[in-house]
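Each residue takes its place number in the sequence, starting with 1. Computation of the quantities below employed the complete heavy-atom set of this structure, encompassing side-chain atoms and omitting hydrogens, waters and symmetry-equivalent molecules.
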Amino acid sequence: MRCLAVASEIYPLIKTGGLADVVGALPGALGAQGVAVRTLVPGYPAILARLGKPRRMLAYDDLFGARARLLAATVDGLDLLVLDAPGLFVREGGPYGDATGSDWPDNWRRFAALGRVAADIAGAGVKGWRPDIVHAHDWQGAMAAAYMRFDASALPCVVTIHNLAFQGRFPAEIFAQLKLPSQAWSVDGVEYYGGIGFLKAGLISADAITTVSPGYAQEILSPGDGMGLDGLLRARADRLHGILNGIDRAIWDPVNDALIARPFSARAMGARGDNRRALEDAFGLDHDDAPLFIVVSRLTWQKGMDLLVEAIDGLVEGGGKLALLGTGDRPLEGAFLAAADRHRGRVAAHIGYDEPLSHLMQAGGDAILIPSRFEPCGLTQLYALRYGCVPVVARVGGLGDTVIDANEAAVAAGVATGVHHAPDDGAALGRAIARTIALHGDRAGWRAMQRAGMKADFSWDRSAGRYAALFADLIRQAG
Ligand code: ADP
Ligand code: GLC
């Protein structure tokens, strides 16, 4: 089976969040299931820099006004098709906006181009290679499904939702430039609340929709979490599947991680202490045995970071310490820096993006705080579980699906792996922090919880099998 994946991020080349981790890990996991994946990505500078001597596959004189080439190369074992269109993708700043955080005004053009090229590859193939199925990720990949549908493509297309909060909404005026047939301007096409919705267009056009946990697949059917798309999703519920993300166990492996101070395993946990000390040093925190909470997160409303700001004083008064790594909304960044000033030695914040430091934090922290208001899957709690860092999570989406609360029954059965609290509730977060500090006081109980988490299997094997089975079904139906 040959699959063309379409995405805007891929670890280790370009990453702003978990999407990149998933898109980077799936090809290897699907490969083991007999699915050969090639991934179409935009030619961002960070990607072009890694291509070496790429092969030229296609050329466009005018792709939505830009000159473009399709290049093929294998980088870090990933089989890439790169849309090299400097006018669209080579600029200073991030993948979606400039250095000040404003979205690029031509994002519609950039990601319509990505979808158009995916549909071209699905239609005619490139240099003798043609996929059997297309797998588009999030709004940036979603137009692939729409173009394929209006091309009357014979191939099936799956769209995966990683986060419904990002939808790719644009004004109606761009419709003429999307080069779609006029009937695409309808509620059954790209039209979305009077404008254009890329994710919406993909979801209504896809042969199947997946999202990244069973819990989130349920939640998005309700108006509260559906973010305007719940009606569409309810109408297509028979085609919606929740397939839990896995983790790349080679990259996140405490026994074999060059980015941490000292390797450790569930059987030899003593070495965790060295990582803890290295983490305290990296953050300028006091050396002591107080429960050390960590945060590795985008600093946004989704992640409940405003609730955490409110909970910090209580965390410190209760005897805890906090090391936070993140970037995001400026007021939240400022609030965490102010808390660090207030509680020197007890609270520290690194505002920035630092992949190696995130590994050391998982290896040295006692507990990770993830008070998300919604969480499609979440990967940091899965990394934490593998590293013996106990997740303290809001009971939503993939967090609820992957962490087992330390209630009395779970503790008695020896299966507890973390602490749950009600979402969107600062008082509940405060109580969860207090409960975690109390649990940490019982050394044997805490060790048992760490070990249960480290034993949990969140590898990609099972989920990749589900994707492969879904792909095979759709290909059979299409043929
Ligand atoms: P989301 O994709 O919503 O941000 P996930 O938990 O799925 O949430 O994935 C976040 C990914 O980004 C994880 O790999 C996490 O370790 C990483 N990450 C987030 N913020 C930072 C940061 N400031 N520095 C390093 N890694 C980060
Ligand atoms: C999104 C979600 C996150 C998920 C990630 C990968 O960024 O916010 O919950 O883990 O995608 O699927």
Stepwise side chain to side chain contact (heavy atoms under 4.5 Å, CB included) test for Val41 and Leu114: CA-CA 8 Å; Val41 289; Leu114 190 69; 5.9 Å; no
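- Proximity of Leu88 to Pro42: side-chain heavy atoms (C-beta onward) are nowhere separated by under 4.5 Å.
- Counting all heavy atoms, side chain and backbone alike, Ala237 lies closest to Leu221 at CB-CD2, 4.5 Å.
- Put simply, the side chain of Thr74 never gets that close to the backbone of Gly77: no donor and acceptor are under 3.5 Å apart.
- In the model, Thr402 has a side-chain atom that pairs as donor or acceptor with a side-chain atom of Gln381 under 3.5 Å.
- Two residues are said to be in side-chain contact when any heavy atoms from C-beta on lie closer than 4.5 Å; Pro423 and Glu375 fail this criterion.
- The one candidate from Asp253, Asp457, Asp257, Asp248 that meets the salt bridge (Lys or Arg N to Asp or Glu O under 4.0 Å) condition with Arg386 is Asp253.
- Side-chain atoms of Asp274 never come within 3.5 Å of backbone atoms of Arg262 as a donor-acceptor pair (strictly under, hydrogens ignored).
- Under the 4.5 Å side-chain criterion, counting only non-hydrogen atoms from C-beta, Leu307 is in contact with Arg373.
- To the nearest 0.5 Å, atoms CG (Asp401) and CD1 (Ile404) are separated by 11.0 Å.
- Contact annotation: the side chain of Leu429 never approaches that of Arg431 to less than 4.5 Å [non-hydrogen atoms, C-beta and beyond].
- Using a 4.0 Å cut-off between charged nitrogen and carboxylate oxygen, Asp405 and Arg435 count as a salt-bridge pair.
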What's the verdict on side chain to side chain contact (heavy atoms under 4.5 Å, CB included) for Leu292 and Arg276, showing C-alpha distance, side-chain angles and the deciding distance? CA-CA 8 Å; Leu292 174 52; Arg276 182 194 167 94; 3.7 Å; yes
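- With sequence neighbours excluded, the residues that form a ring-ring contact (aromatic ring centres under 6.0 Å, His included) with His440 are Trp446.
- The backbone N or O of Asp366 sits nowhere less than 3.5 Å from a side-chain atom of Arg272 that would complete a donor-acceptor pair.
- The distance from atom CG of Leu164 to atom CD1 of Ile220, rounded to the nearest 0.5 Å, is 5.0 Å.
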Evaluate ring pair (Phe, Tyr, Trp, His ring centres under 6.0 Å) for Phe111 paired with Trp139, printing each intermediate quantity in order. CA-CA 8 Å; Phe111 295 104; Trp139 74 266; 5.1 Å; yes
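- In this structure a side-chain-to-backbone donor-acceptor pair under 3.5 Å is present from Ser213 to Pro376.
- When only modelled atom types and interatomic distance are considered, Gln302 and Asn163 share a side-chain donor-acceptor pair under 3.5 Å.
- Of all heavy-atom pairs between Val37 and Ala5, the closest is CG1-CB, 3.8 Å.
- Here Trp252 and Tyr383 bring their ring centres to under 6.0 angstrom of each other.
- Looking only at side-chain heavy atoms (C-beta outward), Leu80 and Leu13 come within less than 4.5 Å of each other.
- Using a 4.5 Å heavy-atom threshold, the side chains of Pro27 and Leu78 count as touching.
- A salt bridge does not link Asp281 to Arg277: none of the charged side-chain nitrogens sits closer than 4.0 Å to a carboxylate oxygen.
- Across all their heavy atoms, Leu379 and Gly246 have their closest contact at CD2-O, 3.8 Å.
- Counting only distance, with no hydrogens or angles, the side chain of Glu9 and the backbone of Thr16 share a donor-acceptor pair below 3.5 Å.
- Put simply, CG on Leu244 and SG on Cys377 are 4.5 Å apart, with the number rounded to the nearest 0.5 Å.
- Counting only distance, with no hydrogens or angles, the side chain of Arg169 and the backbone of Leu199 share no donor-acceptor pair below 3.5 Å.
- Shown here are the side chain to side chain contact (heavy atoms under 4.5 Å, CB included) partners of Asp132, two or more places apart in sequence or in another chain: Met1, Arg2, Ile475.
- Proximity of Val23 to Leu19: side-chain heavy atoms (C-beta onward) are separated by under 4.5 Å at one or more points.
- Contact detail for Val158 and Thr210: the closest heavy-atom pair is CG1-CG2, 3.9 Å.
- From Phe89, atom CZ reaches atom OG of Ser8 across 8.0 Å, with rounding to the nearest 0.5 Å.
- Of the possible polar contacts, one joining the Thr211 side chain to the Ile161 backbone as a donor-acceptor pair under 3.5 Å is found.
- No donor-acceptor pair under 3.5 Å is formed between the side chain of Trp460 and the backbone N or O of Arg249.
- Looking at every heavy atom in both residues, Gly141 comes nearest to Ala136 through O-CB, 3.3 Å.
- In this structure, the side chain of Ser102 does not engage the main chain of Asp98 through any donor-acceptor pair within 3.5 Å.
- The closest side-chain donor-acceptor pair between Tyr96 and Gln140 falls under 3.5 angstrom.
- Using a 4.5 Å heavy-atom threshold, the side chains of Gln450 and Met269 count as touching.
- Summarising the geometry of Leu299 relative to Ile351, their closest heavy-atom pair is CD1-CD1, 4.1 Å, with the distance given to 0.1 Å.
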Tell me, with the steps shown, if Gln33 and Tyr467 meet side chain to side chain contact (heavy atoms under 4.5 Å, CB included). CA-CA 9 Å; Gln33 306 281 336; Tyr467 277 109; over 6 Å; no
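- For the pair Asp313 and Arg342, the salt-bridge criterion is met [side-chain N within less than 4.0 Å of a carboxylate O].
- Glu219 places a side-chain N or O within donor-acceptor distance of the main-chain N or O of Gly397, the cut-off being under 3.5 Å.
- Between the CZ atom in Phe293 and the CD1 atom in Ile433 there is a gap of 6.0 Å [rounded to 0.5 Å].
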Would Asp424 and Phe374 satisfy side chain to side chain contact (heavy atoms under 4.5 Å, CB included), going step by step from the backbone distance to the final call? CA-CA 9 Å; Asp424 201 7; Phe374 67 95; over 6 Å; no
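- Take Lys321 and apply the side chain to side chain donor-acceptor pair (under 3.5 Å) test, not counting sequence neighbours, and it matches Glu280, Asp288.
- Here the NE2 atom belonging to His137 is positioned 8.5 Å from the CD1 atom belonging to Ile10, to the nearest 0.5 angstrom.
- No more than 12 heavy atoms of other residues, nucleotides or ligands lie within 6.0 Å of CZ in Arg462, so this atom counts as exposed by the packing criterion.
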